[in-house]
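Below is one structure, written out as C-alpha cells, with a few remarks after it.
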Amino acid sequence: MKILGIETSCDETAASIVTDEGAILSNLVLSQIEEHRAFGGVVPEIAARAHIDHVHTLIKAALDDAGLSAGDLDGVAATCGPGLIGGVMIGMVAGKAIAAAKNIPFIAVNHLEGHALTPRLTDRLVFPYLLLLVSGGHTQILVAEDVGRYKRWGTTLDDAAGECFDKAAKLMGLPYPGGPQIQALASECADPDAARARFPLPAPMKGRKELDMSFSGLKTAVRQHVENLPEGVLKRTNVADLAFALQAQIADVLAERCGKALARFKETYAPETPALVVSGGVAANSAVRARLDALCAETGVRAYAPPLSLCSDNAAMIAWAGVERLRKGISDPLDFKARPRWPLDPDAAPRHGAGIKA
Ligand code: KG4
Ligand code: ZN
C-alpha cells in the first residue's frame, strides 16, 4: 500500500509517500521561514498564498522521488486540521482532487494524530504510550491508546512552549524562529547557576495535580528582565545568560509535568514497557531532550524522540496516519470539512485561553 501525504497546516508545505510497511519513499518539506521572518512570526495569509504556489510542485516532486505516478497510489491523506485554516484548505483540496481523479480513498488526517503516530512509523512502538507533543502550535500531554483514540491529560492554558521560545527570542532581539536561536545562545552561557540566579523565572503550574501547563507568565518575566537590562543594544553575554535561564526553566517545567504524567500513566495502564515519546519542533531542543531523558532514566521508562526531520512538521507523518487509518478501514468523504480546531480527545474540556492549541 502506497499513500501520499500532504501537510499545509502552518508554514511548511510538505508532501511524502509512505508504504504500509513503514518505508518512506519520499519526504519533501518546503519551509516558508524566510517569507515570514520580516514579520517575526507566521502570517496566515502569506502562508496560504505560499502553499498555493508550491503544493502541486511538491506533490509532483514527491511522486518523482519515489519513482511513482499518481496512478500507483492506494490513497491520499491530507491534514484537514487543526491549524491555519487557509493553508489547511489548500492541502486538503489538492488531496481530494487527486483522490477524485484516481478514484482512490481520501483520508482526512488530524495533524496532531500525525505527530502522535510517528513513533509507530519509525520505531513500531506499541500502544499505549505517553506523548509530550511540544511545538510552536501545541503543547499537550496525551496517552495514545489506539489509532483514533487518545486521552488528553494536559494542555497549555495559553501559549505553546515553542511560542514561548519564539516570543521571548523576539523580546531579546533575536530573529524568528526563536527556539534554535535561544538554544545556540544558551550554549554560550559561561556560568549556568549564576545565570539562573540572576534571571529567576516562574515555574507555572508546578506541583499542581492536573497536568495542564502555562507559558505566558514565563514570557512576561523575560520581558521584565529585558526591560531591567541597561538600555541600548543588549550585550551578548546578558542575552546568553537569559537564553540559558529560559531554556532551562522550560525544560524543567516540561519534565515536572511529564514526571507527574508518567506516574499516572503507569498506575492507569500498567504497561509492560512504559514509553514516553516527545515530538514536535521543541523536541529538537537539546536541554529539553536531556531533561526528559534523565527523567525517564530515573523512573525506568523508555524515552523516545523521533529523528528531528520527523519531529517538526512533515508529510511522512500524515501519510503514515493515512496508512494506519486506511488499514482500519477508515477513509473520508470528499465533502469532509476542514477543521481549524480538532482536538484529538473530543472528551477533553476546552481550554479557552489556548484557542485551537488545546
Ligand atoms: O513542530 P514545528 O516545526 O511546527 C509547529 O509549530 O507545529 O515547531 C516549531 C517550533 C517553533 O516554535 C520553534 O521555535 C521551535 O519549534 N523549535 C525549537 C527548536 N527548534 C525548533 N525550540 C527550542 N529549541 C530548538 N532547538
Ligand atoms: Zn505540528
Side-chain angles (χ1 to χ4, degrees), residues 5-14 16 27 29-33 36-37 40-42 44 47 78-84 87-88 91 109-118 131-140 142 155-156 159-172 174-187 215 218-219 222 243-254 277-292 305-318 320-321 340 342 344 354-357:
I6 305 172
E7 160 59 38
T8 55
S9 67
C10 191
D11 61 342
E12 272 101 13
T13 317
S16 168
N27 185 20
V29 181
L30 183 74
S31 166
Q32 304 172 359
I33 281 180
H36 298 284
R37 185 160 276 158
V42 178
T79 298
C80 291
L84 302 174
V88 168
V109 172
N110 182 323
H111 177 88
L112 302 176
E113 181 157 49
H115 282 298
L117 296 178
T118 300
L131 172 72
L132 171 66
L133 180 53
V134 69
S135 72
H138 327 276
T139 299
Q140 303 192 355
L142 300 146
T155 183
T156 181
D159 291 348
E163 194 178 2
C164 178
F165 272 114
D166 294 338
K167 289 179 174 171
K170 200 170 176 180
L171 292 167
M172 296 179 210
L174 303 170
Y176 173 83
Q181 302 279 335
I182 291 201
Q183 176 169 328
L185 266 170
S187 69
F215 293 94
L218 273 170
K219 171 193 66 192
V222 167
F244 182 91
L246 175 68
Q247 177 176 272
Q249 192 70 357
I250 290 179
D252 280 357
V253 165
L254 292 173
V277 176
V278 57
S279 187
V282 178
N285 186 275
S286 49
V288 169
R289 280 191 183 224
R291 203 64 190 69
L292 293 174
L308 292 186
S309 62
L310 296 177
C311 265
S312 52
D313 288 350
N314 65 87
M317 69 180 192
I318 304 304
W320 177 252
W342 188 357
L344 270 184
I356 65 168
K357 281 168 276 188

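Values in this document were obtained by computation on a predicted structure and should not be read as measured data. Atoms within a ligand are numbered from 1 in the order they appear, just like the ligands themselves.
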(request) Can you figure out which of Ile182, Val29, Asp166, Leu308 has its heavy atom closest to atom 12 (O) of ligand 1? (result)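 Answer by nearest heavy atom: Asp166.
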
(request) Going by heavy-atom distance to atom 8 (O) of ligand 1, choose the closest among Gly281, Ser312, Cys10. (result)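 It is Gly281 whose heavy atom sits nearest to atom 8 (O) of ligand 1.
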
(request) Enumerate the atoms of ligand 1 whose separation from the nearest heavy atom of Gly162 is less than 4.0 angstrom. (result)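 Answer, ordered by atom number: 12 (O).
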
(request) Give the atoms of ligand 1, by number and element, whose distance to some non-hydrogen atom of Ser135 is under 4.0 Å. (result)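 Heavy-atom distances to Ser135 below 4.0 Å select 1 (O), 5 (C), 6 (O), 7 (O), 8 (O).
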
Protein heavy-atom partner closest to [atom] - residue, atom, separation in Å:
atom                    : answer
atom 18 (C) of ligand 1 : Gly179 CA, 3.6 Å
atom 24 (N) of ligand 1 : Asn285 ND2, 2.9 Å
atom 26 (N) of ligand 1 : Gln183 OE1, 2.9 Å
atom 5 (C) of ligand 1  : Asp313 OD2, 3.5 Å
atom 6 (O) of ligand 1  : Gly136 N, 2.8 Å

(message) Looking only at N, O or S atoms, which one in Asp313 sits nearest to the Zn ion (ligand 2)?
(response)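 In Asp313, the N, O or S atom with the shortest distance to the Zn ion (ligand 2) is OD1.
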
How long is the straight-line distance from [atom2] of [Y] back to [atom1] of [X], given to the nearest 0.5 Å?
X      : Y      : atom1 : atom2 : result
Leu344 : Gln140 : CG    : CD    : 6.5 Å
Phe215 : Leu254 : CZ    : CG    : 4.5 Å
Leu30  : Thr8   : CG    : OG1   : 12.0 Å
Leu133 : His111 : CG    : NE2   : 7.5 Å

(request) Could you pull out all residues at least two apart from Lys219 that satisfy salt bridge (charged side-chain N to carboxylate O under 4.0 Å, His left out)? (result)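 Partners of Lys219 by the salt bridge (charged side-chain N to carboxylate O under 4.0 Å, His left out) criterion, ordered by chain and then number, come out as Asp159.
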
(request) Start with the C-alpha distance between Trp320 and Ser16, add both sets of side-chain angles, then the distance that settles side-chain contact (heavy atoms from CB on, under 4.5 Å), and finish with yes or no. (result) CA-CA 9 Å; Trp320 177 252; Ser16 168; over 6 Å; no

(message) Just so I know, are the side chains of Met317 and Ser279 near enough to count as touching, which here means a heavy-atom distance under 4.5 Å?
(response)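 Heavy-atom side-chain distance check fails, nothing below 4.5 Å.
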
(request) Give a yes or no answer on whether the side chain of Asn27 reaches the backbone of Asn314 with a donor-acceptor pair at less than 3.5 Å. (result)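 Not a single qualifying donor-acceptor pair exists.
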
(request) Please confirm whether Gly137 comes within less than 3.5 Å of ligand 1 when only nitrogen or oxygen atoms on both sides are compared. (result)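 The answer is yes, given that Gly137 and ligand 1 share an N or O pair closer than 3.5 Å.
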
(request) Assess His111: does it contribute an N, O or S atom lying under 2.8 Å from the Zn ion (ligand 2)? (result)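 Coordinating: yes.
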
(request) Would you check if the Zn ion (ligand 2) lies under 2.8 Å from any N, O or S atom of Cys10? (result)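 Short answer: no, not a single N, O or S atom is under the cut-off.
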
(request) Please name the pair of heavy atoms, one in Ala168 and one in Leu246, separated by the smallest distance, quoted to 0.1 Å. (result)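 Nearest heavy atoms, Ala168 then Leu246: CB-CD2, 3.4 Å.
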
